[in-house]
Each structure stands twice: as structure tokens, then as C-alpha cells.
Amino acid sequence: MRTHHCNELRTGQIDETVTLIGWVNATRDHGGVIFIDLRDREGLTQVVFRPDDSAEAAKLSHTLREEDVVQVTGLVAARLKTAESDTTNADLATGEIEIVAKQLVIVNKAEVLPFQLDKELSNEDLRLKYRYLDLRRPRLAANLKQRHVITKAARDHLSELGFLEVETPILSKATPEGARDFLVPSRLNPGKFYALPQAPQQYKQMLMVAGVEKYFQVARCFRDEDLRADRQPEFTQIDIEASFVTQDDIIGMIEGMLSSMFSKARGKDVSVPFDRLTYQDAMNRFGSDKPERRIGMEMVDLTEDLKDCEFRVFSGTVASGGVVKAINAKGFSDISTGQIDKLTKLAQEAGAKGLAYIQARDTDRSTWRSPFVKRMSDSEVEALRTKLSIEPGDLILFAADQWEPACEVLGRIRLEVSSLQGLLKDNDDLDFLWVTEFPLLAFDEEENRYVAVHHPFTRPLKEDEEKLRNGELDGLRAQAYDVVLNGYELGGGSIRIHESDLQSSMFTALGISEEEASTEFAHILEAFKFGAPPHGGIALGLDRVVMLACKENSIREVIAFPKNNKGAELMTSSPGGATDSALRDLRIKSTYVEKPKAE
RNA sequence: GGAGCGGUAGCUCAGUUGGUUAGAGCGCUGCCCUGUCACGGCAGAGGUCGCGGGUUCGAGUCCCGUCCGCUCCGCCA
């Protein structure tokens, strides 16, 4: 029987007889004496086999291979440390002791692994295929532990605040708005389908009507969209809803919870409250609704200063109601032509016609390299100097367009420049902030109608409520808020609509007919008639939270069994085919239509 | 659907202007080694250069096509 784990024994246990069990992490065979590092979940302990102490165990130990599972019984001994020789290992928590093996049992042999556990591995296919081996590596093993610590901190925090954890259905109903649903055929109802939930949104609102008052759930959510480093088709949200609360109440609770989660994971305090920016402000200054502020380079508005500029790109844009904005990439005037081209291409992909720039090599404007600076007046140049704090060696990048596209383009350029300059290298600061006052609706050109920016249950700002009721849909703002960390959206929520008539106005605004509303959303409209409390909530992307806490670049590193870019889970080879009889049970015809070959 | 980067030994990678038998480190196999902790030493095995076609006297290298992976855009209420 195991008496201790592999990160437990210290000098205090010297001379005790102990039994450890675990994996062979490394062997160092000297022909006579042989060392192995024994590993379990908790850590490493060195075991030494000596022919003099136990001939049989020592002989057997020569056959050991990495990742064999072995059980070792022996005596805890101090490692020798004298002036001449030091056999302790300061890198190991158990480095002052070792186990002098008396008995060795090989519990289970391991074949040679497809990759080495002590080396970084770039072949992610292989890692995912042998995920159970990949997870043995210290980095991923630590990530799994952190995920547990963080999830537990959230559960503890919310439980203390009186929240109830309630489970909602996984077999759920398709929603007309939002992401593509995963569909599940219903055998008992041929031709009908469940949908996997994109979020427990409607259920949690129904729980508020049910009088639960404070709800949370560690909820698995499903969206059948393309994948990214921070997007998986199934992911986990800390889903929260509360009754009789204001936006400030939710924000305060979440700040407390995130602070607890990150301080437990990172081992240092997270200060609250977080800064708050309005959507307008975030777009204006950072060109993004999830601003990364740690890189500086705030966007500066130059519309007034350049409205009469001889350079037509600027003055013409201003004349047609647009704006001119710029950033100062400090010390980047020696950017290569190739990199300028790359940025220009990026700006064009983002919808701009081009990218105007000034390489301010030295103080005097005659040293500035730029396609247009010669056409600027002295006063215009001085305005730039002051507003952008231009110093020798700076690179200035401009966007001129209507407000929103100009902000978006320059926001992207800003992030790309930061990455070219390596501004965030080794930066592990945590910059939390809230973005508030999101627009309620956005006009969708393709569908020729307004769509909900957040979702159709989001409440407008108090002062915009009457406008929604009257169908004045332009410029409405929502009581919606996103929490952002280091340029990642960690989560978002809103105060909801809780009145049947206001919800109907919302559906009307979205072009959802009364018939459709009464079939798709009947339960909501009806429930709101029976005494629905005012309520609101938020959902946090747990995978992203853990990713950032663990300083990883992909949520795949913090999910036990993630999917690749094609949505496949390579260990079990899901998704797989279905047998004809299974399909028959589901009344699904198996039709394989070959894609016509392109000319 | 689009763009970028990548695919060479089990793993991580190098491979110049197209030129002899495609290399290194780790791992693996065998032998040696009684204080290592990335143990060390000696020897050895291991390759459809993703796949198909083309140019060429000659292709890992150039061209065309294609497959796969990753990152990003679109998409993700």
C-alpha cells in the first residue's frame, strides 16, 4: 500500500520505511548504483537502488523504462551534503532526501512513448491523439489543477453570496437568433430535433421568474461555428443571473469573484474596482470593444486639425463627415518597407483604402519620411507634434474614414504594431476593465433589419426605453456590459427586459413577426405576465479565464480533451459515422451527395 | 468561403545558387560505468523529404495542383 505521495517526504521522515507508487519519470543507470525519479500527481522523489542494499531490487531496476508504473518500498535517507560533495537537489522539493529501495514491484510496463514528456512538442495532432500522455506533462497537469482551483473559487464565492447552482437542460431548443446550433435528432419524435444550448439564457431567466433570485451554473455551451485559438465548439461558462439587481450590483459581484479567482490562481491580489469605459470611449481610444491597454498607443483624434489639409485623403474625408485618427508607435520609425506594406495590406483587408504614415526620424520635419508630410502646413505639423507627443524615432500611423471603420482599422493596426514591436513580451500584468453602454441594436445590411448586438432580452438604458417602445431604433444604448482582460472578452451580460410589452417591442424592432414571437418565444412572453421580477446577469468564459490565468495562448491548453480546428477530437476520432440502423431509428435517411468537382 | 505560415528520422529542427551516399540534438537498440539528477562513454539502427504532376542531365530545393495542421479575417445574438 502507498504510504506517501511523491512530494511529501522531507528530512523529518528520515529512517521511516515508506512505500511510494507512481511513474518512472527518469532513470540514471550507473551500472552499479541506479537512480530513478518517481513521479505521481504531486511531484518527484528520487529512489536509489544499490546492489549492496538489495540485490534483487537493484537487478530489477536495470530493466526499468520511463513511464513504467512501479511501487517502491524503502527507507527514507538523507542525501549526503559535505564540503566535497553535495548530492542534494535544490530544484526538487524532496531534494534533501531519497528512498533507498528495499523492494521494487513493476506494476505495469510501458512501451516507448510516441513522444518525450520532458520536451516541448509542436505537433499538436500528435498531442491530441495521445492526450492522456500529453496531460502527464507538468505544464498541462498544472493547468488542469489551476482550472479546478479557479472553478472552485467561483463556486465558493457565489455560494457565499447566496447563489444557488441549478442545472439546465442540455437537450434544448433551437433559437432563431445567434450562432448556428448543434442539432440532435429525437428518436421518439421523428423529424424533430433538440438543439444543444448556445447558453442557458432563457432557462436562467425562467429561473428568475420562478423566484430563485440568485442562480449560477458551470454551464457547458455549444456553438457550431468556426474554431479559433480562443474558441471551441463546446466551452464552459460561469453563468449567473440575479433578481432585483442593478448593473452596478452585478459589476461589483463579478469584480469580487474574478478577484478571488485570479488571486488564488496567480498568488497575488487583484485590485478592484476595475476601470469602466463606455463603448464609445473604448472605440474612440482603442478601436476595439475589448481594448488591450497595456500596449499604450492610444488613438488620437485629428479631425479638426487636418480638416483643411492639402492632403486630400484627410480633408476630403473630413468634408464627407468622416474622421482622421492616428497612433504613435514610439521608437518604431525604423520600420522596414516590408512591414509598412504588411500593415497597409492589413488596413486594406479591414476596409481602408490605404495606410498613411510618418516616419519621424529626427526632430525637424525635413527628416520625416512620409508620402504626404510635405503637403502639411507648419501649424498642422505642430498640432500633430503636440497631440501625438512626437519625438525623434517615432512612427505615426493614420486612419481616415467614417468614425466606426476608422476606429476599427486603426485599432487593428495598433494591435499588429504591438505584436511587431514585441511590446507584450514577458508582460504578465492583468488589466481588467468593463465596457458599458453598448449599442442595443445594429443594422444588418445583408438581412436588411436590425439585429440585437447582445441578445433580444437585453434592456435598453432607462432614457432609451420609450424610444424602443415607439420604434425609434437609431442610437439606442443597452444596459449591457462586458468584462475585458488584456484584450480578451472574458464575459458579458446585461440587465434584462422583464415586461411582456417591452419584450414584444423588442421582437418587433428585430423584425420578428408576432406569429414567430408567439411560437418561438411564447414561454417568455407568457412568463413575463405572471409577476416576473426585474433581473439581470452575466456569463464568463471559464476557458478564457483559465487560459489567461495560466498564461497560455490557446484555450486548448486548459481543456482536458479539446477539439482541433476542424472540430475533431483526435483521441477518440469524434465525430464518427452512424450505422444505418441507428439512422433508421432516428428516421434519418443517409444521403451522401458528392460535391460537384470544380472546373 | 478568404489570407498568411508550416509539413524533412519516433520527437524538435537544419538543409546555401538545383549537384556526390539528406544531416544534428533528443529518443530508440547493444555494450561499458557504484552518487547521478538534461548522468557519462563507445557502437548501431532508423528517411516514400505530406501526396500527385511538371521543368531539368540532375529536384528536399524551382513551377503547377492537391491534402493536412496552425494563426487570422469572415462567422461567433
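In what follows, chains carry the letters A, B, and so on, assigned in the order in which the sequence lines appear, proteins first and then strands, with residues in each chain numbered from 1.
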Handout entry: Residue of the set His535(A), Glu241(A), Arg496(A) for which side-chain hydrogen bond (donor to acceptor under 3.5 Å, both in side chains) holds with Gln205(A)
Key = His535(A)
Practice task
Quote, to the nearest angstrom, the P distance that separates A22(B) from G10(B).
Solution key: 16 Å
Handout entry: Trace of the salt bridge (Lys or Arg N to Asp or Glu O under 4.0 Å) decision for Lys345(A) with Glu416(A)
Key = CA-CA 12 Å; Lys345(A) 205 174 153 202; Glu416(A) 184 61 26; over 6 Å; no
Exercise for the section: Quickly work out the Asp118(A) CG to U12(B) P distance and round it to whole Å. Expected result: 13 Å
Exercise for the section: Using ring pair (Phe, Tyr, Trp, His ring centres under 6.0 Å) as the criterion, list what pairs up with Phe35(A), not counting sequence neighbours. Expected result: His30(A)
Handout entry: Span that lies between the P atom of G4(B) and that of G65(B), in whole angstrom
Key = 13 Å
Practice task
Specify the separation, in whole Å, of atom CD of Gln348(A) and atom C1' of G4(B).
Solution key: 16 Å
Exercise for the section: Look at Ser122(A) and C13(B) and indicate whether a side-chain polar atom (N or O) is within less than 4.0 Å of OP1 or OP2. Expected result: yes
Fill in the blank from the handout: From CG of Leu121(A) across to P of C26(B) the rounded distance in Å is 18 Å
Problem - Arg180(A) or Ser85(A), whichever maps to the more 5' nucleotide of RNA chain B - result: Ser85(A)
Exercise for the section: Once you apply the 3.5 Å cut-off to both distances, tell me the Watson-Crick or G-U wobble partner of G44(B), or none. Expected result: C28(B)
Completion exercise
Given protein heavy atoms under 4.0 Å, the one-letter contact record of nucleotides 65-73 of chain B, with B base, S sugar-phosphate only and - none, is simply ----SBSSB
Handout entry: Sugar-phosphate only, base, or nothing, as touched by Glu98(A) at under 4.0 Å among non-hydrogen atoms
Key = base
Handout entry: Whole angstrom value for the distance that separates C1' of C37(B) from CG of Asp29(A)
Key = 14 Å
Completion exercise
Rounded to whole Å, CG of Leu92(A) lies from P of U36(B) at a distance of 15 Å
Handout entry: Residues Tyr215(A) and Asp239(A): side-chain donor-acceptor under 3.5 angstrom
Key = yes
Exercise for the section: Could you give the distance separating A3(B) and A45(B) at their C1' atoms, to the nearest angstrom? Expected result: 44 Å
Practice task
Could you check whether Ile34(A) gets within reach of a base, just the sugar-phosphate, or nothing at all, counting any heavy atom under 4.0 Å?
Solution key: nothing
Practice task
Test Phe222(A) against Ile170(A) for side chain to side chain contact (heavy atoms under 4.5 Å, CB included), laying out the working first.
Solution key: CA-CA 9 Å; Phe222(A) 305 86; Ile170(A) 293 293; 4.1 Å; yes
Problem - Under 3.5 Å donor-acceptor pair, Gln116(A) side-chain atoms to U12(B) base atoms - result: no
Handout entry: Result of checking Leu64(A), Val48(A), Thr45(A), Asp29(A) against Ile36(A) for side-chain contact (heavy atoms from CB on, under 4.5 Å)
Key = Leu64(A)
Handout entry: Watson-Crick or G-U wobble partner of A59(B), both distances under 3.5 Å
Key = none
Exercise for the section: Tell me whether the OP1 or OP2 atom of U36(B) has a side-chain N or O from Arg28(A) closer than 4.0 Å. Expected result: no
Problem - salt bridge (Lys or Arg N to Asp or Glu O under 4.0 Å) assessment of Arg28(A) paired with Asp37(A) - result: CA-CA 9 Å; Arg28(A) 292 179 291 279; Asp37(A) 292 334; 2.9 Å; yes
Practice task
Name the nucleic acid region contacted by Pro456(A), choosing base, sugar-phosphate or nothing; use a 4.0 angstrom heavy-atom cut-off, strictly under.
Solution key: base
Fill in the blank from the handout: Those residues at least two apart in sequence (or on a different chain) that pass ring pair (Phe, Tyr, Trp, His ring centres under 6.0 Å) with Phe507(A) are Phe521(A)
Handout entry: Side-chain donor-acceptor pair present, Asp181(A), Tyr194(A), cut-off under 3.5 Å
Key = no
Fill in the blank from the handout: The nucleotide from A3(B), U34(B), C76(B) with an atom nearest the side chain of Ala179(A) is C76(B)
Fill in the blank from the handout: Taken to the nearest whole Å, CZ/Phe35(A) to P/A38(B) is 13 Å
Problem - Partner nucleotide, any strand, of U71(B) [Watson-Crick/G-U, under 3.5 Å] - result: A3(B)
Practice task
May I ask you to say what Thr88(A) touches in the nucleic acid, namely base, sugar-phosphate or nothing, with a heavy-atom cut-off under 4.0 Å?
Solution key: base
Practice task
Take atom C1' in U34(B) and the same atom in G60(B), then report the distance between them in whole Å.
Solution key: 48 Å
Exercise for the section: Please state how far atom CD in Glu225(A) lies from atom P in C75(B), giving the value in whole angstrom units. Expected result: 10 Å
Practice task
Just call it for Thr87(A): base, sugar-phosphate, or nothing, with non-hydrogen atoms closer than 4.0 Å on any strand.
Solution key: base
Do any N or O atoms of the protein come closer than 3.5 Å to N or O atoms of nucleotides 28-30 of chain B, and which pairs are they?
| from | atom 1 | to | atom 2 | distance (Å) |
| --- | --- | --- | --- | --- |
| U29(B) | OP1 | Arg65(A) | NH1 | 2.7 |

Practice task
Pick the C1' atom in C75(B) and in U16(B), then give their distance to the nearest Å.
Solution key: 44 Å
Exercise for the section: Using the P atoms only, state how far G44(B) lies from C26(B), rounded to an integer number of Å. Expected result: 16 Å
When the side chains of residues 113-121 of chain A are checked against the rest of the protein, which donor-acceptor pairs come out under 3.5 Å, sequence neighbours left out?
| from | atom 1 | to | atom 2 | distance (Å) |
| --- | --- | --- | --- | --- |
| Glu120(A) | OE1 | Arg139(A) | NH1 | 3.0 |

Problem - Integer angstrom distance from the C1' of G2(B) to that of C28(B) - result: 44 Å
Handout entry: Thr168(A) side chain to Gln217(A) side chain, donor-acceptor N/O pair below 3.5 angstrom
Key = yes
Handout entry: Identified pairing partner of A38(B), criterion: Watson-Crick or G-U wobble below 3.5 Å
Key = none
Exercise for the section: Using the C1' atoms only, state how far A59(B) lies from C64(B), rounded to an integer number of Å. Expected result: 15 Å
Problem - Base C37(B) paired with Arg79(A) side chain (donor-acceptor, <3.5 Å) - result: yes
Problem - Atom-pair distance (CD on Glu416(A); P on A3(B)), nearest Å - result: 18 Å
Fill in the blank from the handout: Note: for Phe457(A) and Asp37(A) on RNA chain B, the residue whose nearest nucleotide lies more 5' is Asp37(A)
Tell me which donor-acceptor pairs under 3.5 Å the side chains of residues 93-103 of chain A have, and how far apart each pair is, sequence neighbours excluded?
| from | atom 1 | to | atom 2 | distance (Å) |
| --- | --- | --- | --- | --- |
| Thr94(A) | OG1 | Leu44(A) | O | 2.6 |
| Glu98(A) | OE1 | Gln46(A) | NE2 | 2.9 |

